[in-house]
Amino acid sequence: MSGERYNPRESEPKWQKTWDDAKSFVTANDDPRECYYVLEMFPYPSGRIHMGHVRNYSMGDVVARYHRARGKNVLHPMGWDAFGLPAENAAIERKTHPGSWTYQNIEAMKAQLKSMGLSIDWTREIATCSPDYYQHQQSMFIDMLEAGLVTRKSSKVNWDPVDMTVLANEQVIDGKGWRSGAPVEQRELTQWFFKISDFAEDLLEALDTLTEWPEKVRTMQRNWIGKSEGLRLLFEIEPSDKTDATSIEVFTTRPDTIFGASFVGLSPDHPLTTALAASNPALADFVVECHRHGTATETLEKAEKQGFDTGLRVKHPVIAGATLPVYVANFILMDYGTGAIFGCPAHDQRDLDLARKYGLSVKPVVLPPGADAASFEIGNEAYVDAGNIFNSDFLDGLSIEDAKKKIAEYFGARTVDGKSQGQVEVNYRLRDWGISRQRYWGCPIPVIHCEVCGTIPVPKKDLPVKLPEDVTFDKPGNALDHHPTWKRVHCHQCGSPARRETDTMDTFVDSSWYFARFTAPHADTPTVPAVANRWLPVDQYIGGVEHAILHLLYSRFFTRAMKATGHVDLSEPFKGLFTQGMVTHETYKSAAGEWVNPTEILIEATGDTRTAKHLKTGAPISIGSVEKMSKSKKNVVDPDEIVATYGADTARWFMLSDSPPERDVQWTEAGVEGASRFQQRVWRLVNEAIELRDRTAEATASDEKEALGLRRIIHRSVHGVGQDIEGLRFNRAVAQIYELTNALTKALQGQTGTATRAAILEGAEKLTVLLSPMMPHLAESCWEVLGKAGLVADARWPEVDGAMLVDDTVTLPVQVNGKRRAEITVAKGTPAPEVEALVLSLDEIVRILEGKAPKKVVVVPDRIVNVVV
RNA sequence: GCGGGCGUGGUGAAACUGGUAGACACAAGGGACUUAAAAUCCCUCGGCUAACGCUGUACGGGUUCGAUUCCCGUCGCCCGCACCA
């Protein structure tokens with residue numbers, strides 16, 4: 001037995017079947033033990049898993065198996081984020097149905113995930129494209145519609161001309177569609193929206209309660225919500241024949257600078273601009289010009305500030321008799337605040353750029369600390385920092401904060417057009433979540449448009465509104481809309497002809513509640529609240545940081561909306577969040593500059609230099625930088641091949657070793673081989689250890705002491721590995737397991753006594769359990785060899801003997817002036833004066849002191865000694 | 001520009017609340033076993049030095065008996081947001 005190498009190809013499928021047959025990972029909702037819910041972000045069924053999945057699911061599986069070993073009732077499900085555009089694209093390319101393509105991919109990926117030996121409860125598997133799932137989403141949509149959490153409104157939307165669909169603001173990155181990469185256009189469409197902005201304040205404030213989330217993600221969400229407090233302020237328009245409007249409302253966060261105002265600015269999309277442009281062709285041209293730049297130019301920041309003088313003037317609200325010009329300016333956004341501002345060039349860079357260009361006045365009203373009020377001037381840079389107000393009549397001398405308060409009170413007490421002139425207001429950058437998508441492969445929005453009754457929800461008894469099967473994709477655009485009959489219905493209320501809504505929901509809706517559905521995946525209601533409330537929030541959620549805003553913010557909103565409609569009784573879906581790093585690999589290029597896959601090349605190393613050549617042609621290949629694995633750079637490694645060659649345990653182990661999980665990890669051939677070697681080492685160790693049982697032992701004097709030392713290491717490892725797994729420091733857990741293995745291997749070589757042999761056997765057994773969350777198949781094989789009953793998958797995490805963690809002696813480093821010169825071993829807790837005396841009698845210290853008395857001796861008991869001379 | 005993070009050997013990295021810098025692994029070099037290879041085992045491995053030693057955690061200062069860790073400044077890299085009034 002011991003001579004045989006461990007063969008993962010035989011053993012891994014065997015144990016996977018054993019777990020399946022024993023239903024080892026099926027979780028019962030009525031299990032009374034403490035619950036623990038661990039979830040990895042579910043995958044899009046692209047057809048193949050990649051190394052990023054291997055890393056993600058390995059981490060989740062370690063957490064799941066560890067907590068199961070700690071005696072908890074663990075929920076660890078898996079499903080498929082199965083709606084979305086790639087299926088439609090595949091349908092066009094291959095003339096198949098998006099559904100059949102998707103389900104084939106699911107089968108293929110499921111087989112791959114199963115080969116990884118994950119402790120997943122597959123009885124809870126869900127696919128969001130199944131009516132079993134999306135009917136509940138439709139049902140909740142209706143609940144939310146009735147609760148006033150959904151609206152339909154006409155708005156300017158981001159239109160992706162390649163995917164021919166609408167995108168949410170969050171899905172536009174650098175002016176391009178997040179998926180297609182095409183420059184996004186602006187269009188006016190009637191859309192369905194979730195009223196996420198109603199929850200802006202709550203979503204912002206609750207971030208503080210998410211203490212187990214990375215600070216980075218919380219910051220990103222905070223910025224995205226973008227809260228700003230300011231003042232809505234009315235400017236009176238001087239009577240003019242150009243307009244009937246009597247006032248302009250602006251939003252400002254700097255009302256303290258009102259005395260420095262030199263113009264009022266309007267967005268090119270402001271209603272007043274539109275009205276003025278109707279009778280002013282030059283202004284109309286200017287607006288068109290702004291739009292051209294607004295969408296086509298990516299580098300908005302570099303675009304020059306431009307303005308157009310409308311000829312209107314407004315009364316200066318605090319300087320009697322003064323008036324200000326009204327400009328339309330290209331940098332003012334319609335969808336923030338009121339779409340109008342007042343410009344204070346001295347203290348805002350954009351305003352300053354505009355003022356310099358058109359010769360408007362620049363009057364400083366905030367004096368930097370230490371500056372001289374008489375001589376202070378603004379050059380080409382606006383002053384935006386702290387200071388005291390000056391040049392501002394009744395605000396003079398106040399701090400910015402105090403001036404803001406005072407001026408708000410001042411305007412609050414005055415009226416323009418019968419309204420309060422100034423109102424304190426909080427603004428958010430977060431917009432409502434537009435969910436209409438003009439696509440077939442998504443969850444149908446369950447409403448109809450009746451000629452008589454208007455837009456009304458489909459009755460719940462008629463759900464699901466199923467997607468038609470017989471669709472064609474020969475025309476661009478929405479196949480659902482093109483379907484000859486699907487959308488034609490009769491109103492369930494009045495019987496009049498009606499039209500089904502042909503928009504489907506953004507796929508981010510699907511992923512906003514799947515974690516709740518997993519708690520009762522077969523229920524005939526969206527959730528079973530009592531069950532969901534018991535499992536949720538997810539204790540540990542693990543996934544990529546690329547979802548820091550979109551998915552995580554939507555899920556937080558949706559959970560609140562589900563709470564408002566009685567489907568769950570909590571607000572925050574994810575208690576602990578962990579964002580893992582990417583998997584990277586070296587890149588390779590041929591002389592012709594084409595990317596080459598790692599499997600096609602041969603690397604030769606001589607000393608420290610590595611060269612590569614093509615496996616077949618022998619042509620030289622240049623080794624490039626380390627990049628995220630991607631198809632385009634061909635630096636991908638296929639998990640299937642790795643599992644076939646080395647086994648799943650090796651792949652899992654390597655993905656957990658070396659790099660901290662939140663950082664990127666580099667996939668290397670040498671690294672995998674190291675992991676594979678370790679697998680064999682453990683196998684050999686366990687097999688050799690077991691032979692000790694059959695041999696007679698000799699008694700030696702040092703035996704007891706050696707055994708105790710070994711047992712200390714064993715217990716420290718059990719303790720440390722557990723701590724590291726709980727803290728998700730998998731790389732350190734791995735390092736500790738290496739140390740334990742090294743110690744046991746060494747002990748095995750020299751052992752002679754009974755006690756040491758017993759300790760080695762104890763170590764082999766505990767090592768097996770420590771290993772089981774990471775290399776579960778190997779651990780089962782070792783468990784079997786050790787002759788233990790049952791499965792290690794069901795074994796309890798070893799108890800730590802607290803006495804083994806504390807040593808009764810301690811070795812203190814002895815420093816002289818902060819440099820280590822000697823060490824001294826004393827009983828733990830030896831008082832400082834005693835230690836000092838011992839240290840001063842050390843040969844090394846006596847030699848260095850040369851008879852002189854030390855200036856000072858610092859003794860930190862059980863830690864360190866520092867002699868200062 | 002704003003916000004956040006990071007900078008430690010040839011490489012990935014450890015170092016708990018300020019207390020022996022480089023655990024653990026990879027790579028490299030040397031040796032043992034072998035007809036040979038693979039596998040395995042042993043040794044070396046931050047820099048300078050023959051050695052005693054000296055020096056070293058991006059760089060420059062500071063606090064401290066003692067700093068990878070705390071503070072100030074500089075440089076570099078990464079990520080997010082970006083005309084948000």
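Letters A, B, ... are given to chains in the order of the sequence lines, protein chains preceding strands, and every chain is numbered from 1.
Judged by closest nucleotide on RNA chain B, A/V545 is the one of A/G339 and A/V545 placed further toward the 5' end. Position along RNA chain B of the nearest nucleotide to A/K856 versus A/D351 favours A/K856 as the more 5'-ward residue.
Taking the P atom of each, B/C43 and B/C26 are spaced 15 Å apart, rounded to whole Å. To the nearest whole angstrom, the two P atoms, one in B/A23 and one in B/G10, are 14 Å apart. Spacing of C1' atoms, B/U11 relative to B/A28, comes out at 11 Å, to the nearest Å. Here the separation of B/A58 from B/C6, taken at their P atoms, is 13 Å to the nearest Å. Spacing of C1' atoms, B/A85 relative to B/C2, comes out at 15 Å, to the nearest Å. Nucleotides B/C77 and B/G66 have their P atoms positioned 35 Å apart, rounded to a whole Å. Atom C1' of B/G19 sits at a distance of 11 Å from the matching atom of B/U69, rounded to the whole Å. Look at the P atom in both B/U68 and B/U17: the space between them is 16 Å, to the nearest Å.
In this structure, CD1 of A/I603 is placed 13 Å from C1' of B/A27, rounded to the nearest angstrom. In this structure, the CD atom of A/E673 is 14 Å from the C1' atom of B/A25, given to the nearest Å. Atom-to-atom, CD of A/Q349 to P of B/C2 comes out at 12 Å; the value is rounded to the nearest Å. Taking atom OH of A/Y336 as the reference point, atom C1' of B/C81 lies 14 Å away to the nearest angstrom. When the C1' atom of B/C83 is taken as reference, atom CG of A/D353 falls 10 Å away, rounded to whole Å. The distance between atom CG of A/N330 and atom P of B/C84, rounded to the nearest whole Å, is 13 Å. One interatomic measurement links the two molecules: CZ of A/F730 to P of B/A14, which rounds to 14 Å at whole-angstrom precision. Whole-Å rounding puts the A/E823 CD to B/G19 C1' distance at 14 Å.
Under a 3.5 Å cut-off, the side chain of A/E662 and the backbone N or O of A/Q580 do not form any donor-acceptor pair.
Look at A/E823 and A/R820 and you find a salt bridge, because one of the NZ, NE, NH1 or NH2 atoms lies within 4.0 Å of a carboxylate O, short of that distance. Under the 4.0 Å criterion applied to side-chain N and carboxylate O atoms, A/E215 and A/R222 are assigned as salt-bridge partners. Salt-bridge formation is not detected for the pair A/R821/A/E844: no Lys NZ or Arg NE/NH1/NH2 atom is positioned less than 4.0 Å from an Asp or Glu carboxylate oxygen.
Listed nucleotides: B/A14, B/C84, B/G19. Nearest to the side chain of A/L333: B/C84. Each of B/C65, B/A14, B/C81 was ranked by its minimum atom distance to the side chain of A/P660; first place goes to B/A14. Between B/C24, B/U20, B/A14, one nucleotide has an atom nearer to the side chain of A/E739 than all others, and that is B/C24. Distances were taken from every side-chain heavy atom of A/I864 (C-beta onward) to each of B/C42, B/G80, B/G19; the shortest belongs to B/G19. Taking every side-chain heavy atom of A/T219 into account, B/G3 is the closest of B/C83, B/G3, B/A25. You'll find that the side chain of A/I332 is closest to B/A85, out of B/G66, B/U20, B/A85. The side chain of A/R821 has B/C54 as its nearest neighbour among B/C54, B/G19, B/A82.
Side-chain N/O atoms of A/N731 include one lying less than 4.0 angstrom from OP1 or OP2 on B/A14. For A/R677, a side-chain nitrogen or oxygen approaches OP1 or OP2 of B/C26 to under 4.0 Å. Taking side-chain N and O atoms only, A/K216 has no distance below 4.0 Å to OP1 or OP2 of B/G5. Within the 4.0 Å cut-off from OP1 or OP2 of B/G19, not a single side-chain nitrogen or oxygen of A/R820 is found. Put simply, A/N742 has a side-chain N or O that comes within less than 4.0 Å of OP1 or OP2 on B/A25. Contact check, A/R663 against B/A13: a side-chain N or O comes under 4.0 Å of OP1 or OP2. Look at A/Y738 and you won't find any side-chain N or O under 4.0 angstrom from OP1 or OP2 of B/A25. For B/A85, one of the phosphate oxygens OP1 or OP2 lies less than 4.0 angstrom from a side-chain nitrogen or oxygen of A/S228.
Between A/Y738 and A/W653, the ring center distance clears the sub-6.0 Å criterion. Between A/F263 and A/F342, the gap from one ring centroid to the other reaches at least 6.0 Å. Aromatic rings from A/W667 and A/F654 are positioned such that their centres are separated by under 6.0 Å.
Within 4.0 Å of A/V860, counting heavy atoms only, lies at least one base atom of the nucleic acid. Within 4.0 Å of A/G671, counting heavy atoms only, lies no atom of the nucleic acid at all. Within 4.0 Å (heavy atoms only), A/D348 reaches no atom of the nucleic acid at all. Heavy atoms of A/R254 sit under 4.0 angstrom from primed sugar atoms or phosphate atoms, though from no base atom.
Counting non-hydrogen atoms of other residues, nucleotides and ligands closer than 6.0 Å to NZ of A/K357 gives a total above 12.
In B/G60 the O4'-C1'-N dihedral to the base is more than 90° from 0, which defines an anti nucleotide.
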